[in-house]
Amino acid sequence: MDIFIQVVLPVILIFLTGYSVQKWKNIDIKSISTVAIYILTPCLVFRTFYQTELNFEYVQIIIFSLILLFSIILINKIYASIRRFSQSIESGLVLSTAFMNSGNYGAPIVLFAFGEQGFAYSVLFLVLQAIIMNFFGVYYAARGQAGIKMALVSVMKMPATYAVIIALILQWTGLAMPDNLFMAVDLVAEATIPVVMLILGMQLAEIKLQKLNFEHISFGVIVRMVISPLIAFAILQYMTLDPLLAKVLLVSAAMPSAATTVMYAVQFESEPDLVSTVTLVTTIVSVATITVLLMLLG
């Protein structure tokens with residue numbers, strides 16, 4: 001119960017604040033999201049990559065993320081083939097299960113649970129997940145509509161991509177950013193997590209449960225909330241990682257479905273009802289599952 005009160009409850013309360021305000025005022029989420037995507041997140045990403053000494057651990061994060069992603073995609077393909085689902089249903093299931101909410105949800109949970117060092121690992125993971133989601137997520141949502149080309153364009157439009165590049169150039173060349181400029185970046189970066197948490201609550205308020213298919217939704221919830229962390233645990237057994245990093249990756253893998261995939265599903269008409277329902281249900285279920293996982297991790 002202490003873990004729920006100390007770690008999960010504060011995060012849920014912030015989500016509920018965003019949810020309540022959106023239900024009350026019906027705010028234009030796109031405007032706030034644009035500020036978060038184009039200003040806040042790049043500053044947080046730049047600060048993290050500028051300050052963090054990159055080593056082989058981060059190569060292992062990439063390996064972990066790709067193995068987890070392709071494992072879940074394979075599970076979806078096998079299940080869709082056995083059940084003879086259409087390509088559209090398969091894409092909807094992939095969008096619902098292969099991409100976790102490591103930003104709006106995972107990063108604050110890690111911050112509350114593991115502190116600043118764990119949070120630094122989480123930011124590195126969420127940047128990688130954002131790139132993966134913008135490529136593979138767009139590909140599966142737009143499959144048959146110039147998916148790969150659109151996915152590449154989507155990644156290159158991400159401001160965070162350029163924040164990483166600039167930070168790495170400064171780090172590798174040994175050039176130092178002027179202190180007053182870095183203070184400005186740091187100040188904006190501090191606002192990122194609370195704002196994206198409020199945005200998630202607002203996004204959840206926009207989700208409407210329609211055309212429920214119990215089989216599809218149950219499969220999506222089980223894969224995202226149970227199978228994903230189990231696969232992550234299995235992968236970590238074969239990797240030599242800092243114990244804290246291993247915990248961060250495991251908790252991140254247990255996060256609910258990413259809200260961003262709902263926008264992809266709606267934009268490309270790739271089973272939006274299925275994707276949005278799984279996103280909402282996994283977010284609700286995660287209150288219990290994340291608490292239990294954190295208790296097991298101590």
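Because the structure is predicted, anything quoted here is derived from the model rather than measured.
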Cluster partners of Ile166, using ILVMFWY side-chain heavy atoms under 4.5 angstrom, listed by chain and number? Phe46, Tyr50, Leu170, Leu175, Met177, Leu181, Phe182, Val185

For Ala98, the side chain to side chain contact (heavy atoms under 4.5 Å, CB included) test, sequence neighbours excluded, returns Leu69, Ile72, Ile73, Val94

Residues passing the side chain to side chain contact (heavy atoms under 4.5 Å, CB included) test with Phe233, sequence neighbours excluded, are Gln237, Leu250

Are the aromatic ring centres of Phe125 and Phe119 under 6.0 angstrom apart? no

Side chain to side chain contact (heavy atoms under 4.5 Å, CB included) involving Leu187 - partner list, sequence neighbours excluded: none

Listed by chain and number, what are the side chain to side chain contact (heavy atoms under 4.5 Å, CB included) partners of Leu126, not counting sequence neighbours? Ser102, Ala107, Val123

Going by heavy atoms in the side chains, are Met197 and Leu200 under 4.5 Å from each other? no

Under 3.5 Å side-chain donor-acceptor pair for Ser286 and Tyr105: yes

Salt bridge (Lys or Arg N to Asp or Glu O under 4.0 Å) with Lys23: which residues, sequence neighbours excluded? none

Assess the side chains of Ser257 and Asn101: does a donor N or O sit below 3.5 Å from an acceptor N or O? no

Smallest separation among heavy atoms of Met133 and Met100, with atom names: CE-O, 4.1 Å

Testing the basics here: between Leu95 and Gly137, what is the closest heavy-atom pair and its distance to 0.1 Å? CD2-O, 3.4 Å

Using 30° and 60° as the class boundaries, would you call the ring planes of His216 and Phe85 parallel, tilted or perpendicular? perpendicular

Find out if a path of hydrophobic residues (ILVMFWY) with successive side-chain heavy-atom gaps under 4.5 Å connects Leu296 to Val287. no

Hey, does Ile67 have a side-chain heavy atom less than 4.5 Å from the side chain of Ser71? yes

Donor-acceptor pair, Gln51 side chain versus Ala120 backbone, under 3.5 Å? no

side-chain hydrogen bond (donor to acceptor under 3.5 Å, both in side chains) filter on Gln22, not counting sequence neighbours, yields Asn26, Glu206

Residue among Val285, Ile284, Val281, Thr282 satisfying side chain to side chain contact (heavy atoms under 4.5 Å, CB included) with Pro256: Thr282

Write down the atom of Pro108, the atom of Gly103, and the distance for their closest heavy-atom approach. CD-O, 3.3 Å

Report the distance from atom CD1 of Ile290 to atom OG1 of Thr283, rounding to the nearest 0.5 Å. 10.0 Å

Establish whether Ile193 and Val188 are linked, either directly or via other cluster members, by ILVMFWY side-chain heavy-atom contacts under 4.5 Å. no

Gln203 and Ala259: which non-hydrogen atoms are nearest, and at how many Å? OE1-CB, 3.2 Å

Look only at the side chain of Thr41 and the backbone of Ile37, and say whether a donor-acceptor pair between them is shorter than 3.5 Å. no

With the threshold set at 4.0 Å, does a side-chain nitrogen-carboxylate oxygen contact exist between Glu90 and Arg83? no

Check whether any side-chain N or O of Arg224 sits under 3.5 Å from a backbone N or O of Ser96 as a donor-acceptor pair, and report yes or no. no

Checking one residue: Ile82. Which other hydrophobic residues are in its cluster under the side-chain 4.5 Å linking rule? Leu74, Ile78

Hydrophobic cluster (4.5 angstrom, side-chain heavy atoms) - remaining members for Phe214: none

Is it the case that one hydrophobic cluster holds both Met239 and Leu245, taking links as side-chain heavy atoms less than 4.5 Å apart, direct or via other members? yes

With sequence neighbours excluded, what pairs up with Ser91 under the side-chain hydrogen bond (donor to acceptor under 3.5 Å, both in side chains) test? Arg143

Which pair of non-hydrogen atoms, one from Leu68 and one from Ser228, has the smallest distance, and what is that distance? CD1-O, 3.7 Å

Output all residues satisfying side-chain hydrogen bond (donor to acceptor under 3.5 Å, both in side chains) with Tyr38, sequence neighbours left out; order by chain, then residue number. none

Nearest non-hydrogen partners of Pro159 and Pro42, listed with the distance: CB-CG, 3.6 Å

Mind checking the CZ-OG1 spacing from Phe4 to Thr291? Nearest 0.5 Å is all I need. 6.0 Å

Student check: side-chain heavy atoms of Tyr58 and Ile63 closer than 4.5 Å: no

Quick check: does any side chain N or O of Thr192 sit under 3.5 Å from a backbone N or O of Leu40, one acting as donor and the other as acceptor? yes

If you define the side chain from C-beta out and look only at heavy atoms, does anything of Val221 sit under 4.5 Å from Thr97? no

Once side chain to side chain donor-acceptor pair (under 3.5 Å) is applied, what residue pairs with a partner in residues 110-123 remain, sequence neighbours excluded? Glu57-Tyr121

Distance-only, no hydrogens or angles: does the Gln171 side chain make a donor-acceptor pair with backbone N or O of Phe49 under 3.5 Å? yes

Apply the test side chain to side chain contact (heavy atoms under 4.5 Å, CB included) to residues Ile131 and Phe135: give CA-CA distance (whole Å), side-chain angles for both, the deciding distance (0.1 Å), then the verdict. CA-CA 6 Å; Ile131 294 171; Phe135 184 83; 5.6 Å; no

Can you tell me if CG on Asp179 sees more than 12 non-hydrogen neighbours from other groups inside 6.0 Å? no

